[in-house]
Participant: 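Got a structure here, written out as structure tokens. Questions coming.
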Amino acid sequence: MSGTPVSYAEHPAHGHPANTEPTTQSTDRDSTASHQPATNPDPTTGAPHPSFHPPHGKTGGSIDDAAQGGQSAASASGASKLPSNEISGNESSSNPKLASLNSTLKNGLRQFPDFPQKGILFEDIMPLFADHTLHSTLIQALELKIAQVFHTPPGESSDVDIVVGLESRGFLFGPTLALRLGAGFVPVRKPGKLPGQTIKATFKKEYGEDVFEMQGDAIKKGQKVVIVDDIIATGGSAAAAGELVRTLGGELVGYVFMMELDFLRGREKLDAPVYTLLSGQEEALANTDEALDGTLPLGRTTESAEEAQRSVAADGGAAAEVRP
Ligand SMILES: O=P(O)(O)OC[C@H]1O[C@H](OP(=O)(O)OP(=O)(O)O)[C@H](O)[C@@H]1O
Ligand SMILES: Nc1ncnc2[nH]cnc12
């Protein structure tokens, strides 16, 4: 079945018991709409934070969507300037334009069951880049999201200094986003690709283990950093990247993802605010408690459910082992 893609637009929401069939996504919504921790209210409902007033002399666009990480923004060391009562929530519900853009994006995605391994329902984002209009919609949605969560006035750049993109799919839109924000772009790469002195972090992800590397001089102490990637699944990749940023002295002000696989609860590993445009595989979320008890979540095989939950439990809040 892995060679047979399905799209969000083509199949009805929910109802498929296993990922051997077309997937069972609900209609588009912000990840924060249904997974907003009670202790972490919407960041966008508060007053703009002084930390994110646009700097003089910078030019660029804007961005938009927000969600909350595993701890409050106030206690997140890299986001200490963001009051906790400004974090989490559902911006697109109050922003029809963003909701509309997100809906378009979701309909452009495809899913491949059992890729790259049996039991993984793979979210294929490539159609969003193959189509000029969808690509443009994606960048617009990200800009709108960031502008919204960081309270950037229309037409002005955000206060983000550096956008960090994760290899490989974070490279597809990270540099474009950085340009629009008036920020620099820094890559986090798989091992052995970057010259000079580097720092490394090992981590687990939804399907396997990996190592991330960053150049030792890529971020200056105190620079405000946003980490971007296409998908947050278990959160292992993002947590490792966050550790690298902080090891270099960067102030991690947030994570921005195109999509969140909510049922894997990856955001609980992250100690900075989490902003996502789309949620994926929501049908599995309702069964997460059962999954933790060993019951199969919808849309996954027994093997992958156990593997995913083992990974989540094992990683706890310390997925990344940083080795300067
Ligand atoms: O939340 P996690 O469980 O860590 O998974 C998310 C990561 O997995 C995918 O990358 P992958 O490692 O497949 O590499 P690619 O981007 O090079 O395809 C995705 O692009 C994220 O980086
Ligand atoms: N299910 C998934 N689809 C696409 N990319 C992923 N990265 C981690 N899990 C993924």
Side-chain angles (χ1 to χ4, degrees), residues 1-2 5-8 19 23-25 31 67 69-70 105-106 108-129 138 164-174 187-193 201-214 227-244 255-270 272 274 276-285 297-301 303-305 307-321:
M1 289 296 292
S2 62
V6 292
S7 77
Y8 286 86
N19 68 359
T23 58
T24 59
Q25 307 294 330
S31 62
L105 292 174
K106 191 143 193 178
L109 295 173
R110 296 185 302 185
Q111 296 177 300
F112 287 82
D114 293 328
F115 181 87
Q117 301 171 3
K118 187 167 166 45
I120 299 292
L121 182 56
F122 191 84
E123 303 281 350
D124 183 18
I125 63 165
M126 295 310 170
L128 302 184
F129 296 94
L138 171 64
V164 165
L166 311 191
E167 185 168 351
S168 304
R169 285 172 259 161
F171 294 2
L172 292 172
F173 61 96
V188 163
R189 296 214 62 180
K190 305 274 168 73
K193 303 287 187 184
T202 58
F203 61 95
K204 288 181 187 166
K205 56 186 183 180
E206 191 182 11
Y207 37 81
E209 260 188 34
D210 222 327
V211 178
F212 267 162
E213 211 166 325
M214 193 178 243
I227 292 175
V228 303
D229 204 359
D230 62 329
I231 284 175
I232 174 170
T234 66
S237 309
E243 289 295 331
L244 292 175
Y255 289 91
V256 175
F257 302 99
M258 291 167 54
M259 172 173 273
E260 176 175 17
L261 305 186
D262 309 65
F263 74 101
L264 289 171
R265 295 177 173 169
R267 64 172 53 223
E268 292 174 12
K269 289 201 184 81
L270 308 182
V274 178
T276 61
L277 295 179
L278 307 171
S279 288
Q281 303 176 23
E282 293 96 332
E283 74 286 356
L285 181 68
L298 294 180
R300 300 201 148 251
T301 64
E303 182 184 51
S304 69
E307 174 61 28
Q309 298 306 335
R310 240 197 330 270
S311 180
V312 168
D315 287 350
E321 176 198 342

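In listed order, ligands and their atoms are each counted from 1.
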Participant: Kindly give the heavy-atom pair with the smallest separation between A238 and F257, and that separation in Å.
Facilitator: CB-CZ, 3.7 Å

Participant: Number the atoms of ligand 2 from 1 as they appear, then name those within less than 4.0 Å of a heavy atom of A233, with their elements.
Facilitator: 8 (C), 9 (N)

Participant: How long is the straight-line distance from CG of L172 back to CD of E167, given to the nearest 0.5 Å?
Facilitator: 11.0 Å

Participant: Taking distance alone, with no angle check, do D230 and ligand 2 share an N/O pair under 3.5 Å?
Facilitator: no

Participant: Whether the side chain of K106 engages the backbone of S279 through a donor-acceptor N/O pair (distance < 3.5 Å, no angle test) should be reported.
Facilitator: yes

Participant: So is there a nitrogen or oxygen of L121 less than 3.5 Å from a nitrogen or oxygen in ligand 2?
Facilitator: yes

Participant: Return the protein residues near ligand 1 (heavy atom under 4.0 Å from any of its atoms), ordered by chain and residue number.
Facilitator: E167, S168, R169, K190, K205, E206, Y207, D229, D230, I231, I232, A233, T234, G235, G236, S237

Participant: Who are the ring-ring contact (aromatic ring centres under 6.0 Å, His included) partners of F173, not counting sequence neighbours?
Facilitator: none

Participant: Could you work out, with side-chain hydrogen bond (donor to acceptor under 3.5 Å, both in side chains) as the rule, every residue matching R169, not counting sequence neighbours?
Facilitator: Y207, D230

Participant: For P5 versus R110, what's the shortest heavy-atom pair and its separation?
Facilitator: CB-CD, 4.0 Å

Participant: So for R169, does at least one of its heavy atoms come nearer than 4.0 angstrom to any atom of ligand 2?
Facilitator: yes

Participant: State which residues pass ring-ring contact (aromatic ring centres under 6.0 Å, His included) with F171; sequence neighbours excluded, sorted by chain then number.
Facilitator: none

Participant: Strictly distance-based, threshold 3.5 Å: is any side-chain N or O of E209 a donor or acceptor partner for the main-chain N or O of T202?
Facilitator: no

